[in-house]
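Quantities reported herein were computed from a predicted structural model and do not represent experimental measurements. Chain letters run A, B, ... following the sequence lines, proteins first, then strands; residues in each count from 1. FYI, side chains are in, hydrogens and waters are out, and symmetry mates aren't considered; it's all heavy atoms of this structure.
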Amino acid sequence: MPTPLAPRARARLLRWFRAERRALPWRERRDAYRVWISEAMLQQTRVATVIPYFERFLARFPDVEALAAAREEDVLAHWSGLGYYRRARTLHQAARSIVAELGGVFPSTRTGLLELPGIGPYTAGAIASLAFDAPEALVDGNVERVFARLFALPGALGSSSLKERAWELARELVPRAKGAGEWNEALMELGALVCLPREPRCGLCPWEADCAARALGRAAEFPAPKARKPGLEVELEALLVERSGRILLHQRAAHEGRMALMWELPTRELGSEHLFSAHWPLQAGRVLLREGEELGRLRHTITHHRIQVVLRRGELAAQPRGAGWCWATAGDASGLALTGMTRKALRGRCASPLSRA
DNA sequence: AACTCGGGGCG
DNA sequence: CGCCCAGAGTT
C-alpha cells in the first residue's frame, strides 16, 4: 500500500508542532506515571478542565506507590467533579496491580498496558509512545477528525467504520524507528488547535494543501455528525438537613452503577421513571427523613439525563448511624468525594469554596 | 454494535 | 440549548 502522506507533509506537521505546542503540566516531565494520570483524566474531558485536577492529584499522589497506598475514597475525592468516576477506581486498581504484581514497574509495551484496568487501545498507545517512545499508534477524537478530513473519510464521528479506518491509517503513519510519541502528540495537537470540530482554521494548517476535505471545499463537513438521542427528563428531590453548622450527607453504595461511593445530599426521584432511586436512603429498612420547605431548584445534566433538582429542607425522623452517613462542615465537604450535583447544590451555601487543596 | 458513564464550556 | 471533549467497560 502506498504511503498516504508525503515525507514533506510529515515534516511540515512536526515543524508546526515544535513551534505551536502548548506548555501543559504533563509535558514538563515525561514519565509513565504522569502520562498515565493525564491520559486517564483527559478521556472525554477537556484540557482546561483537567489542568487543576492533574496538579492537585500529582501533589497528593506523586507516584504509583503513593496512589496504590491510598484509600479509594481519597482517590475519588481528588476526582470529584471530573466525572466518569470509574476512571478513578480503575486507576487505583491498576496502581495496586502495578505495585503488587509488577514490582512497581510500569509496563512499557502496548500489550502489557492493555492488561491494566482502565487502559484501552487509545491510552495504551499514548503511554507506550509518549512515555517510552515505542512505535505505537493512537486514535482519539482529535486524530479521528484530522484523518476524516485529511483523507475525506466516510462515516460518522465515532462510528466503528471510521474509527477502524483511522486506526489503520494511524498504524501506517506512525514512525517506525523513533519519534512516535512526538508524531502522535502532534496529530492530537493539530486537532486541538487547528482542525477544530465546528470551524477548522484551515488557513493556519500545515496540511491545508494536503487535505482532501479542504480540496472539496468541505472541511467542516467531515466527519459526519453522530446521531444522538435526546436526554431523558428527570426530577429529583434532595434534602438539606442541617445540625449545628453541619450538613447530612449520604454515601452511594459500592455497587451503584453511577457514582458509586460518592457522597451526596439524601436524594430521591419524583415521578414514575425511576431512573434513580425512588426512595430516600434507608437505614435498616427504616425511613429516616421527612421533607420540609422548598429552598430552591437547580438544573444538572449527566450523560443522557436532564435533571431538575428540587432542594428542600429536610428533617430527621430517626438518627442516621453507621457507615454511609456523615455530618460534614463546609471544610469537610471540600475533602470529600461529592457528586457534581451535590457540589452544585452546596455551592454558595458553604463558607469556603469547594476547592480541594 | 450499541449503551452507559459526568460535567462543563462554547457557539 | 445542542455539541463535543487526549475513551473504556459492559451487554
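Rounded to whole Å, the distance from CD on Glu144(A) to C1' on dA6(C) is 13 Å. Remark: C1' of dC5(B) and OH of Tyr84(A) are 5 Å apart, rounded to the nearest angstrom. Straight-line distance from the CG atom of Leu138(A) to the P atom of dA8(C): 10 Å, rounded to whole Å. Across the protein-nucleic acid pair, Met262(A) atom CE and dG6(B) atom P stand 8 Å apart, rounded to whole Å. Between the C1' atom of dG6(B) and the CG atom of Leu82(A) lies a distance of 9 Å, rounded to the nearest Å. Nucleotide dC5(C) holds its C1' atom 17 Å from the CD atom of Glu199(A), rounded to whole Å. Regarding Arg89(A), its CZ atom lies at a distance of 17 Å from the P atom of dA8(C), rounded to whole Å. The distance between atom CE of Met41(A) and atom C1' of dC5(B), rounded to the nearest whole Å, is 17 Å.
Residue-level contact check: Arg21(A) touches neither bases nor backbone, having no heavy atom under 4.0 Å from any strand. Arg306(A) comes within 4.0 angstrom of sugar-phosphate atoms only, judged by non-hydrogen atoms across all strands, and of no base. Among the atoms of the strands shown, only primed sugar atoms or phosphate atoms (P, OP1, OP2) are found under 4.0 Å from some heavy atom of Met259(A). Residue Thr339(A) is in sugar-phosphate contact alone, with no base atom involved, counting any heavy-atom pair closer than 4.0 Å across all strands shown. Within 4.0 Å (heavy atoms only), Arg145(A) reaches sugar-phosphate atoms of the nucleic acid but no base atom. Note on Arg252(A): nothing from the nucleic acid sits closer than 4.0 angstrom, heavy atoms only. Using a 4.0 Å heavy-atom criterion, one finds that Ser160(A) contacts the sugar-phosphate atoms exclusively. Contacts of Thr123(A) with the nucleic acid, taken as non-hydrogen atoms under 4.0 Å apart, involve only primed sugar atoms and P, OP1 or OP2.
Across the P atoms, dG6(B) and dT11(C) are found 15 Å apart, a figure rounded to whole Å. Taking atom P in both dA6(C) and dC3(B), one finds a spacing of 24 Å when rounded to whole Å.
Between His300(A) and dG6(B) there is no side-chain polar atom (N or O) within less than 4.0 angstrom of OP1 or OP2. Regarding contacts with the backbone of dG7(C), a side-chain N or O of Gln44(A) is found under 4.0 angstrom from either OP1 or OP2.
Between the side chain of Thr45(A) and the base of dG6(B) there is at least one donor-acceptor pair of N/O atoms closer than 3.5 Å. Residue side chain Thr301(A) does not reach the base of dG7(B) through any donor-acceptor N/O pair under 3.5 Å, judged by distance alone.
A donor-acceptor contact shorter than 3.5 Å is absent between the side chain of Arg34(A) and the backbone of Pro62(A).
Within 6.0 Å of CD in Glu199(A) there are 12 or fewer heavy atoms belonging to other residues, nucleotides or ligands. Atom CZ of Arg201(A) sits in a sparse spot, with 12 or fewer heavy atoms from other residues, nucleotides or ligands closer than 6.0 Å.
Residue order along DNA chain C, read from the 5' end via each residue's closest nucleotide, puts Arg198(A) first among Arg198(A) and Glu185(A). For the pair Arg86(A) and Arg22(A), both in contact range of DNA chain C, the more 5′-proximal nearest nucleotide belongs to Arg22(A).
The side chain of Arg46(A) approaches dC5(C) more closely than any other nucleotide in the set dA6(C), dC5(C), dG6(B). With distances taken from any side-chain atom of Ile302(A) to the nucleotides dG7(C), dG7(B), dC5(B), the minimum falls on dG7(B). In this structure, of dC5(C), dA6(C), dG7(B), it is dC5(C) that holds the atom nearest to the side chain of Leu157(A). Each of dG7(B), dA6(C), dC5(C) was ranked by its minimum atom distance to the side chain of Leu42(A); first place goes to dA6(C). Comparing dG6(B), dT4(B), dA8(C) by their closest approach to the side chain of Arg87(A) singles out dG6(B).
Using a 30° and 60° split on the angle between ring planes, Phe106(A) and Trp36(A) fall in the perpendicular class, above 60°.
Of all non-hydrogen atoms in Gly155(A) and Leu162(A), the two that sit nearest each other are O-CD2, 3.8 Å.
Side-chain heavy atoms closer than 4.5 Å link hydrophobic residues (I, L, V, M, F, W, Y) into clusters, and following such links, possibly through other members, connects Trp16(A) to Met188(A).
Counting heavy atoms from C-beta on, the side chains of Phe61(A) and Tyr33(A) come closer than 4.5 Å.
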